Every structure is written in C-alpha cells, then in structure tokens.
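Here the structure is laid out as structure tokens; the discussion comes afterwards.
Small disclaimer: the values here were computed from a predicted structure and weren't measured. Below, chain A is the first sequence line, B the second, and so on; all start at residue 1.
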Amino acid sequence: MTKEAIAETLESIARLLDLKGENPFKIRAYQQAARALELHTGDLEDAAAKGELGEIEGVGKSVAEKIAELIQTGKLAYFEELKSGFPPGLFELFGINGLGAKKIKALYEKLGVGSIADLEVACREGKVAELPGFGDKTAHKLLGAIAQRQANAAFHRLGDVAGVAQRMVEELRAHPAVVRASEGGSLRRRKEVVRDLDFVASTKDPAVVGEFFAHRPDVVEVIAQGPTKVAVRLEGGVQCDLRLVADAEYPYALHHFTGSREHHIALRNRALERGWSINEYRFSAATGEGARPAQPLPDIHDEAELYRALGMDYIPPELRENTGEIEAAAAHKLPDLIELDNLRGTFHCHTNASDGHNTLEEMAEAARELGLQYLGIGDHSKSSFQANGQDERRLAEQGEAIRALNARYEAEGTRFRVFAGVECDLLKDGALDFSDEVLAGLDYVVVSVHGSFSLPEAEMTRRLIRAIENPYVTMMGHLTGRLLLERAGYALDVPAVLDAAAATGTIIELNASPWRLDMDWRWWHLAQEKGVKCAINPDAHRTEGLQDLWFGVAQARKGWLTRGDVVNCLPLGKIETVLGAKRTALGK
DNA sequence: GCCGTTTTCGGCCCGACTGTTTTCAGTCG
C-alpha cells in the first residue's frame, strides 16, 4: 500500500469522524497524521517493521497501529466499520463549495442525500430550502456550486494562473488608493497547483479598492464583498480573494494569507513563548490561562521584521510549509535559495528535428537572449516515433549541425555553446534506445520514460536504476512522468532511485514545464541531503518554452535548493566537467 | 488522537463572511 493511499485513508477517516460529530481535535489529529505522511520521505514499510511509525511527528500510538495494519493487510477494520455507516457517495459532497460535515450530515439524515446527484435533485425539488439552517439562497448556491464543480476542477496549475495573477498584482499596485499589494496564499508559496488566488493590499480606502477589484473586466461573479474581503470568480473559473487592510497591518496580513496553515500554527506557538498572540492584524499580549508575561510588543514594518521579532531569519514564502524551515530560521541555518538569474544554461530542449517547433538556431538564439551561456539540445530518440524521434543517422546529422553552429559562435567571438544531447527513451526492460557507442558521441544524455507507465513499482524502480548505472547517462528526465491534474506519476521508489543517483553521480532533472514540475519539490530536500545534483530543464518545445525556467526555479526553491545544488548554475568552462564526470570516473 | 519546561490531564489558531437567524452556526482559509 502506497504512502499516498495510506494518507488518503487517514483523510477519509477524518471526514467520517466529522460526519459522526466527533471531537474536532481527534479529527484534526487524523488530518495532521495524513499530512505528516505526505511529507514523510522515509520508507514507511521499513518504519512499520521496526515499530518506528510513532516517531513521525503527528503520528501517535493509535494512528501508528492503524498504519501498520494498512501496510500489513492492505485494509483497516476501523475504517471499514466507519465507512459502513454512510453511503459511499457522501464523500463527494465534501467537494461542493459551501458544504461541510455539519450540513452534509443534516442533508443525509433529514433528506437521505447521499451523493451530488441526490443533492441536485433535492435542491431542485425545494426540499433543501426547507431544512432548518438552510434556505432559498443556500439551495441556490449549492446548485451553482454543483455546476461550478462540473465545469472546473477544483485546482489550477500554477502555470495556468501565474500570468493573470501577476497582472492583478500590477494593477493593484498601480491603483492610487493602494499603498502595498502582493499575491499571497499557495500562489505566493509557488505550489505546483493552486485552488484559488489570494491577494493582499493595504489602503486607506478599502471600499474603493474593493469596488475596483470586484469590477475588473474579467470578473464574471462576485462571490463575497465585505469591508475587508472581496472574493470574485474570473472567466475560466478561478476564484480570487482580496484582503484589504491598513498599511500598518500589511505585514501581518500578508504573512497570514501567505500561509501555509501549518507554518502559521507553528509560528503562533513561537509568539506565545514570548507572551504574544498573533493574528492577521497585529501582535498583542497573549491572554488566557497560562499565558506568559508579554515581552514588549515589537514595531513591525515588513515580514522580515516580523520574523526577526520572533528570533528568526526571514523565511522565503516558498519554504513556508512547516517542513523544518522554522527550526532552520531560528538556528540561522536557512539555505541561500537559488534565484532565476543564477542559471547559466539549461538542458533538455527540443527542436524541429523531433517534435519541437523551432530550429536549432532559433532555440540557441532564444537562450542567448535570456542571457544564458549554453543550451543543451535533447531531441527524442527513435522509439518515440509519435514524437518524431531521431534514429542514429539523424542524430549524427544534428550533431554535425551543432558543431557547425558552435564553430560559428567561436569564429564570431560569441561566448555561447550548444551541447549535443538526446532525450533517450528508457525501454520497458531498462535498456536504452541507443547503444553505448552512439551515446558516447554526445556531450550529454538525458533519459526519460515515455511508455510502459503501468509497471509494478519494483520493476519500474529497477528499470530506472538500470539506466542510472549506465556511465553515459548524465541525467534522468521528468522522473515520475506525472502530468499535473491529468495523470499521476508512475509507481516508483523515489528514495531508492535517489540513492542510485547519488552513488553514480547521476543528475536528476527538475522538469520546469508547468505541466510536469517533476521531480516534485517534496523530494528535493532529501535529494540534496543525499548529495544528488539537480538540473533545471524547461523541456522547451518552442522558444517561448524557455521562460518556463521560472517555474523550475520556483520549485527548486520550494525544495530548499541552492545554486550549489543545481548544475546549470555553473558557467561555461565548468559545466563540461560535470557533464563528463560519470564517464571520467568509470574510465570511459 | 497527539503532545509535554503547563508532562499522564487538559489544551489543541482564530477571524471574516454568509445566510439564517434575532444571537449564531457553518464554512473557509
């Protein structure tokens, strides 16, 4: 049973307990345990075998026993019993905006509503509006939410919303009544997918700014509009929330609405140690039983000062997931995160020799215009016939063209180089699409899986490790093959693959395409600890695709990576050594 | 159900908005 499946089971238990009206803190305990598992990078089966599950923060004796039962038997008696009390369709009702456990419980007990389809019928027949605590407006909103859910998935890829979000921030900042403005929420933390877009602005005239926001031309629905909060829906379905505060409150509000929730809770506890309570507006002296005597309240003008007041270094938004950043900031040991302009080049780009849109020269020029010193071409290999993969002959011809282009740059005195490479298919059994002799003629090789996605985890892991052990394989492309919001990655033992990469000096790609962002940011901190190097590659299929490096850098930052962890921060003259390191070590 | 310099009991983050109420419950973030 996978870690994700176990976490999902715990989430489901939390929902069922909620429906039963259980103690909210018990519910939260299951949710926290599920989240702890999602962030856990160790081997669960191993921990279960050693009886160490309870050592995971947020997993106690009871949950540890349940996880062990799931791992050993693939089932959990407690969960099965809970489930038997409710119809299976009840779960999907949690996906409807405006419905929580209490309302779902009432709908189920009073009207027998056990699915979204039931709910729609009950709303249309007027039964929902008659329930105590419900009304006409609620019934209407639920119908709207059902339609909304059917029209749009609950999440949006970061790449699909980053542009509009940036424009909205710029417009807010340009508004005369706005003092400061920023994006917030998971968008500011650069999560790979976001549910809605959060914005925070400071102003002396919240009503005017709120009106401005609610009347943007691309707004199709005003969901809520109060004196401090406006929520709208844009064309395309994405919801945008704007919080309006006085400028003195801005650092607190920005921080609060950037989250994450878990980061916040941990930070509040630090404030309490100083006798302070923190909310989205200010620090205040903590009150209540057992509150410590408050230290003098600090004067805060920005987020950096807020962290400083709590004895910590400034924590970049990408790190605010409560995965160790609080402790690191308190110990002044936060990593110096990579920045976009640290990149000196990039790899894994396509040309019209396979399935790209632009020529070799056009891709190289686009990379030069971005200020890069080198570009690695990696067109598809012959087995990817659907992507016009190149055979040995065409690959050799492309190599000639690249040598000619490099010669021209040299003659012109242009300090720019194109590296000849390939995105070599990894065949089902772990063999490569080209012989070692062919690969030896290239500057670098990126290996990717483009077929046979459904192998069992152990077999898939062996398949990748076999490629990693090949001395000519420089880096592994989009490691899990996921397509965000479309296709989950294939089953893979990522830590085992990272171990193999570390042992052989094989680079792992951080594929910067907003559809992939693969390997996932949650694994990079572990990779860093194991000494695995990263290459941030755009997998560009046209010149504009090079811009996706921005997303890759954002994910690398989320994964705690520094410029020292990312090989394409190395300048021309040094990167060649890294590309050849595996062959050199093995005497090839 | 978890956790512990408040350690085996008693806390556990907290404010805004909506709709249904006539003082508040539910949901959301």
Side-chain angles (χ1 to χ4, degrees), chain A residues 10 13-14 17-18 21-36 53-67 78 93-107 128-142 144-145 154 184-189 194-200 206 210 222-231 239-245 249 252-253 255-273 276-282 284 286-292 322:
Chain A
L10 295 177
I13 290 173
L17 293 174
D18 213 352
E22 265 279 7
N23 173 5
F25 297 108
K26 184 170 167 178
I27 295 161
R28 189 187 297 172
Y30 276 99
Q31 289 167 336
Q32 279 170 344
R35 190 182 143 85
L53 286 170
E55 287 174 25
I56 300 170
E57 179 89 15
V59 176
K61 188 162 171 288
S62 170
V63 174
E65 281 171 5
K66 292 184 173 73
I67 296 172
Y78 174 69
L93 289 172
F94 281 96
I96 300 293
N97 262 329
L99 277 190
K102 300 275 186 344
K103 285 194 168 151
I104 293 172
K105 188 170 186 238
L107 287 165
V128 171
E130 291 168 6
L131 280 185
F134 292 68
D136 278 337
K137 281 199 171 178
T138 305
H140 210 102
K141 281 209 155 186
L142 288 175
S186 49
L187 168 70
R188 186 166 179 238
R189 301 200 313 279
V194 300
R195 203 183 276 277
D196 54 19
L197 306 183
D198 289 307
F199 301 91
V200 182
V222 178
I223 299 164
Q225 189 171 2
T228 65
K229 177 183 167 177
V230 182
Q239 181 177 332
C240 302
D241 293 352
L242 171 66
R243 292 286 181 146
L244 296 157
V245 295
E249 298 164 338
Y252 301 98
H255 187 266
H256 183 93
F257 294 113
T258 296
S260 66
R261 197 183 154 85
E262 289 75 14
H263 178 85
H264 246 287
I265 290 171
L267 213 70
R268 277 166 196 269
N269 289 333
R270 270 189 84 82
L272 285 173
E273 288 169 14
W276 303 333
S277 171
I278 181 172
N279 63 18
E280 56 260 60
Y281 300 119
R282 60 190 65 85
S284 54
T287 55
E289 292 286 315
R292 300 196 182 179
N322 196 26

- Convert the base pairs of DNA chain B into dot-bracket notation, remembering that pairs crossing earlier ones are written with [ ] and that bases paired across to another strand are shown as |; include only Watson-Crick or G-U pairs under 3.5 Å. ((((....)))).((((((....))))))
What is the separation between atom [atom1] on [X] and atom [atom2] on [N], rounded to the nearest whole Å?
{"X": "Ile265(A)", "N": "dG29(B)", "atom1": "CD1", "atom2": "P", "answer": "15 Å"}
{"X": "Glu57(A)", "N": "dC12(B)", "atom1": "CD", "atom2": "C1'", "answer": "14 Å"}
{"X": "Leu267(A)", "N": "dC13(B)", "atom1": "CG", "atom2": "P", "answer": "13 Å"}
{"X": "Asn97(A)", "N": "dG19(B)", "atom1": "CG", "atom2": "P", "answer": "13 Å"}
{"X": "Glu55(A)", "N": "dC2(B)", "atom1": "CD", "atom2": "P", "answer": "14 Å"}
{"X": "Leu53(A)", "N": "dC2(B)", "atom1": "CG", "atom2": "P", "answer": "12 Å"}
{"X": "Arg243(A)", "N": "dG29(B)", "atom1": "CZ", "atom2": "C1'", "answer": "7 Å"}
{"X": "Gln239(A)", "N": "dG29(B)", "atom1": "CD", "atom2": "C1'", "answer": "10 Å"}

[atom1] atoms of [N] and [M], separation to the nearest Å:
{"N": "dT20(B)", "M": "dC14(B)", "atom1": "P", "answer": "29 Å"}
{"N": "dC13(B)", "M": "dT18(B)", "atom1": "P", "answer": "26 Å"}
{"N": "dC17(B)", "M": "dT8(B)", "atom1": "C1'", "answer": "41 Å"}
{"N": "dG1(B)", "M": "dT5(B)", "atom1": "C1'", "answer": "23 Å"}
{"N": "dA16(B)", "M": "dT21(B)", "atom1": "P", "answer": "24 Å"}
{"N": "dG29(B)", "M": "dT23(B)", "atom1": "C1'", "answer": "24 Å"}
{"N": "dT6(B)", "M": "dC12(B)", "atom1": "P", "answer": "13 Å"}

- Who passes side-chain contact (heavy atoms from CB on, under 4.5 Å) against Phe25(A), sequence neighbours left out?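 Once residues adjacent in sequence are excluded, the partners of Phe25(A) under the side-chain contact (heavy atoms from CB on, under 4.5 Å) criterion are Asn23(A), Arg28(A).
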- Where along residues 28-36 of chain A does a heavy atom fall under 4.0 Å from DNA chain B? Arg28(A), Ala29(A), Tyr30(A)
May I ask you to verify if any side-chain N or O of [X] is less than 4.0 angstrom from the OP1 or OP2 atom of [N]?
{"X": "Thr138(A)", "N": "dT20(B)", "answer": "yes"}
{"X": "Lys103(A)", "N": "dG19(B)", "answer": "no"}
{"X": "Tyr252(A)", "N": "dC14(B)", "answer": "no"}
{"X": "Lys26(A)", "N": "dC2(B)", "answer": "no"}
{"X": "Ser62(A)", "N": "dG1(B)", "answer": "yes"}

- Task: Return the 5'-most residue of the pair Ala64(A), Lys141(A) with respect to DNA chain B, ranking by each residue's nearest nucleotide.
- Result: Ala64(A)
- Message: Let me spell it out: for each of Asp136(A) and Glu280(A), pick the nucleotide of DNA chain B with the closest heavy atom. Which residue's pick is nearer the 5' end?
- Response: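 Looking at DNA chain B, the more 5' nearest nucleotide goes with Glu280(A).
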With heavy atoms under 4.0 Å as the rule, sort [X] into base, sugar-phosphate or nothing.
{"X": "Phe257(A)", "result": "nothing"}
{"X": "Gly185(A)", "result": "nothing"}
{"X": "Pro227(A)", "result": "sugar-phosphate"}
{"X": "Ile27(A)", "result": "nothing"}
{"X": "Lys105(A)", "result": "nothing"}

- Among dG26(B), dA16(B), dT18(B), find the nucleotide with the atom closest to the side chain of Tyr281(A). dA16(B)
Just wondering, do [Y] and [X] contact through their side chains at under 4.5 Å, heavy atoms?
{"X": "Leu93(A)", "Y": "Leu107(A)", "value": "no"}
{"X": "Val63(A)", "Y": "Leu10(A)", "value": "yes"}
{"X": "Asn279(A)", "Y": "His256(A)", "value": "no"}
{"X": "Ser277(A)", "Y": "Ser284(A)", "value": "yes"}

- Of all the heavy-atom pairs spanning Ala64(A) and Val59(A), show the shortest one and how long it is.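 In terms of heavy atoms, the two residues are closest at N-CG1, 3.7 Å.
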- Query: Which atoms form the tightest heavy-atom contact between Ala145(A) and Asn97(A), and what is the distance?
  - Reply: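 Minimum heavy-atom contact is CB-O, 3.6 Å.
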- Is there a donor-acceptor pair closer than 3.5 Å between any side-chain N or O of Ser186(A) and the backbone N or O of Arg189(A)?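 Checked: no pair found.
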- Query: In terms of ring plane angle, is the pair Tyr30(A) and Tyr78(A) parallel, tilted or perpendicular, where the classes change at 30° and 60°?
  - Reply: parallel
- Under the side-chain hydrogen bond (donor to acceptor under 3.5 Å, both in side chains) rule, collect the residues that match up with Glu22(A), sequence neighbours excluded. Lys26(A)
- List for me each residue that meets side-chain hydrogen bond (donor to acceptor under 3.5 Å, both in side chains) alongside Gln239(A), sequence neighbours excluded, and say none if there are none. Asp241(A)
- Task: Report yes if a donor N or O on one partner sits less than 3.5 Å from an acceptor N or O on the other, where the partners are the side chain of Asn23(A) and the base of dG1(B); otherwise report no.
- Result: yes
- Message: Taking salt bridge (charged side-chain N to carboxylate O under 4.0 Å, His left out) as the cut-off, I'd like each qualifying pair that reaches into residues 93-103 of chain A, sequence neighbours left out, listed once.
- Response: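 Residue pairs passing salt bridge (charged side-chain N to carboxylate O under 4.0 Å, His left out), neighbours aside: none found.
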